Amino acid sequence: MKNPLCWVVLTGISIAFIQQGLPVRSQGESQSDNKQMDNITIRQGETLFLSCSQGDFVTHTAWLNRSSILYAGEDKWSVDPRVSLVTLNQDEFTIKIEDVDLTDEGQYICAVQTSRRPRTTSVHIIVQVPPKIVNLSKDLVVNEGSNVTLMCLANGKPEPAIVWRIISPSDDSLSSDNEVLEIPFISRYRAGVYECTAANDIAVDTQTVELTVNFPPSISDGRDVGVTLGQRGVLLCEADAVPEADFEWYRDDRRIFNGFDGIEIEDDGPLSKLTFFNVSEADYGNYSCVAINKLGSANTSIVLYVVTASVLEMTSSDLEHTAFENNDLLEGPGAVQDGSSGTSTVFTPTCLLLIVLLHLLLKF
């Protein structure tokens, strides 16, 4: 038998001549066969099987990866532990490569030496790699009016397509199919969670960035409150701000603190409550609420005014006893049937108007 090492070296030389398109002759001076198989596409991490047919009177076989010999017959030449021999008989020569990586891509050649002439079969391996986002902008905190740039870079084969979009709050109008998303003069309404998606034919990789936009407080108009003497009264103040606003309450130019004269101040996120548990004469008047954060402040005024018990009783009495005794009018719109007496009560427009005017006069 011929020396295997010498045969493998000669085989490598023969393959080099074949790849260059030069004629190679065996001992019998017959031209060698050179067969090109269809490309094989495999995903990164999968197992690859490479097989070629043997035929009769085979004396030597070898699998090569480009210029490197993987197997010569049953002898393993590759030091890669992922490569192993599966089948070697008169009909088939198959090797296995586990956990395929991008470095395994390229041309593989099966060389067979028969008693007549050498024969080669070549195949090109294409390794596909799922997308992986490798560089993504960190979570950002910016001030309103700033220019914002978000970046998303990904690897993969085929090259992945990049898409940016805002997912919370959902807004289809703000998206980009580029690696870089530019947002000029950002407003508070563009704050939220942004999603970068990298996709190719194999898989999809998705990551998110949270964008926080700081802005000064904007405060809702205060609503005046009417309270009867000795009763409980609550003034409300609401402000929208990032970061959240701190609240301060004032009576004229004097700041009010929690627990001052039996007054309780309770802040809960964007809302502040000023509570009087027992309204006195001295409590009536004008109050100011100020909302403050590091970017600015805003304020509003609220009036605590008196509502007397006699007015409430008079109003209630008027509503209960104003009626018409004319049965023809009782059947008209606005009649309310009294279940016990069979009579009806009708509220005239004039009475209702007087009640409203009285309420407004007392307010001012």
Side-chain angles (χ1 to χ4, degrees), residues 1-131 155-159 200-203:
M1 178 181 291
K2 297 180 181 179
N3 189 320
L5 175 61
C6 293
W7 180 84
V8 169
V9 172
L10 290 174
T11 300
I13 296 173
S14 300
I15 291 171
F17 274 90
I18 292 170
Q19 290 174 334
Q20 295 176 20
L22 301 177
V24 178
R25 303 285 180 175
S26 67
Q27 292 178 346
E29 296 299 323
S30 60
Q31 188 174 3
S32 63
D33 295 329
N34 183 18
K35 180 181 178 182
Q36 177 69 43
M37 297 174 61
D38 293 335
N39 294 343
I40 296 177
T41 300
I42 189 170
R43 295 183 180 182
Q44 185 184 43
E46 295 182 343
T47 299
L48 173 66
F49 290 89
L50 294 174
S51 179
C52 68
S53 59
Q54 298 281 69
D56 296 334
F57 309 111
V58 174
T59 59
H60 298 89
T61 54
W63 264 109
L64 299 91
N65 175 9
R66 295 178 288 271
S67 60
S68 300
I69 301 171
L70 301 178
Y71 264 91
E74 295 181 352
D75 298 326
K76 182 178 179 180
W77 285 48
S78 172
V79 297
D80 192 335
R82 300 174 303 132
V83 180
S84 60
L85 178 65
V86 177
T87 304
L88 178 58
N89 54 41
Q90 198 66 27
D91 299 320
E92 180 185 344
F93 182 25
T94 301
I95 63 172
K96 177 175 68 174
I97 303 176
E98 297 179 284
D99 193 19
V100 170
D101 201 357
L102 195 59
T103 55
D104 297 317
E105 187 172 86
Q107 188 178 39
Y108 289 76
I109 298 173
C110 176
V112 176
Q113 177 66 51
T114 67
S115 58
R116 295 183 178 182
R117 57 184 176 181
R119 183 175 73 248
T120 63
T121 302
S122 62
V123 60
H124 192 85
I125 305 302
I126 300 172
V127 178
Q128 292 184 328
V129 181
N155 293 335
K157 189 171 186 252
E159 183 177 354
N200 62 12
D201 296 338
I202 307 172

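This is a predicted model, so every value here is computed, not measured.
What you find for N200 and P158 is that their closest heavy atoms are ND2-O, 3.0 Å. Of all heavy-atom pairs between D99 and G45, the closest is OD1-CA, 3.4 Å. Across every non-hydrogen atom of L102 and V127, the tightest pair is CD1-O, 3.8 Å. Heavy-atom minimum distance, S51 versus T94: OG-OG1, 2.8 Å.
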V100/T47 under side chain to side chain contact (heavy atoms under 4.5 Å, CB included): CA gap, chis, key distance, verdict: CA-CA 6 Å; V100 170; T47 299; over 6 Å; no

Determine, step by step, whether I125 and L50 satisfy the side chain to side chain contact (heavy atoms under 4.5 Å, CB included) criterion, reporting the C-alpha distance in whole Å, the side-chain angles of both residues, the deciding distance to 0.1 Å, and the verdict. CA-CA 10 Å; I125 305 302; L50 294 174; 3.9 Å; yes

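By the 4.5 Å heavy-atom criterion applied to side chains, V112 and F93 are not counted as neighbours. Counting heavy atoms from C-beta on, the side chains of L88 and Y71 never come closer than 4.5 Å. Side chains of R43 and P130 form no contact here, defined as non-hydrogen atoms less than 4.5 Å apart. Residues W63 and L85 are not in side-chain contact: their nearest non-hydrogen atoms beyond the backbone lie 4.5 Å or more apart.
Between the CD1 atom of I109 and the SG atom of C52 there is a distance of 11.5 Å, given to the nearest 0.5 Å. A distance of 14.5 Å separates CG in L70 from NZ in K96, rounded to the nearest 0.5 Å. Taken to the nearest 0.5 Å, the NE2 atom of H124 stands 11.0 Å off from the CD1 atom of I40. Between atom CD of residue E98 and atom CG of residue D104 there is a gap of 11.5 Å, rounded to the nearest 0.5 Å. A distance of 6.0 Å separates OG of S53 from NZ of K35, quoted to the nearest 0.5 Å. For the atom pair CD (E105) and CD (Q128), the distance works out to 9.5 Å, reported to the nearest 0.5 Å.
More than 12 heavy atoms of other residues, nucleotides or ligands sit less than 6.0 Å from atom CD of E46. Within a 6.0 Å radius of CG in D38, other residues, nucleotides and ligands contribute 12 heavy atoms or fewer.
Remark: side-chain polar atoms of K157 are not paired, donor with acceptor, to backbone N or O of I126 under 3.5 angstrom. Judged purely by atom type and a 3.5 angstrom limit, T59 uses its side chain to pair as donor or acceptor with the backbone of Q113.
Residues S122 and Q36 bring a donor and an acceptor atom of their side chains to less than 3.5 Å of each other.
Taking a cutoff of 4.0 Å between a charged side-chain nitrogen and a carboxylate oxygen, D101 and R82 do not qualify as a salt bridge.
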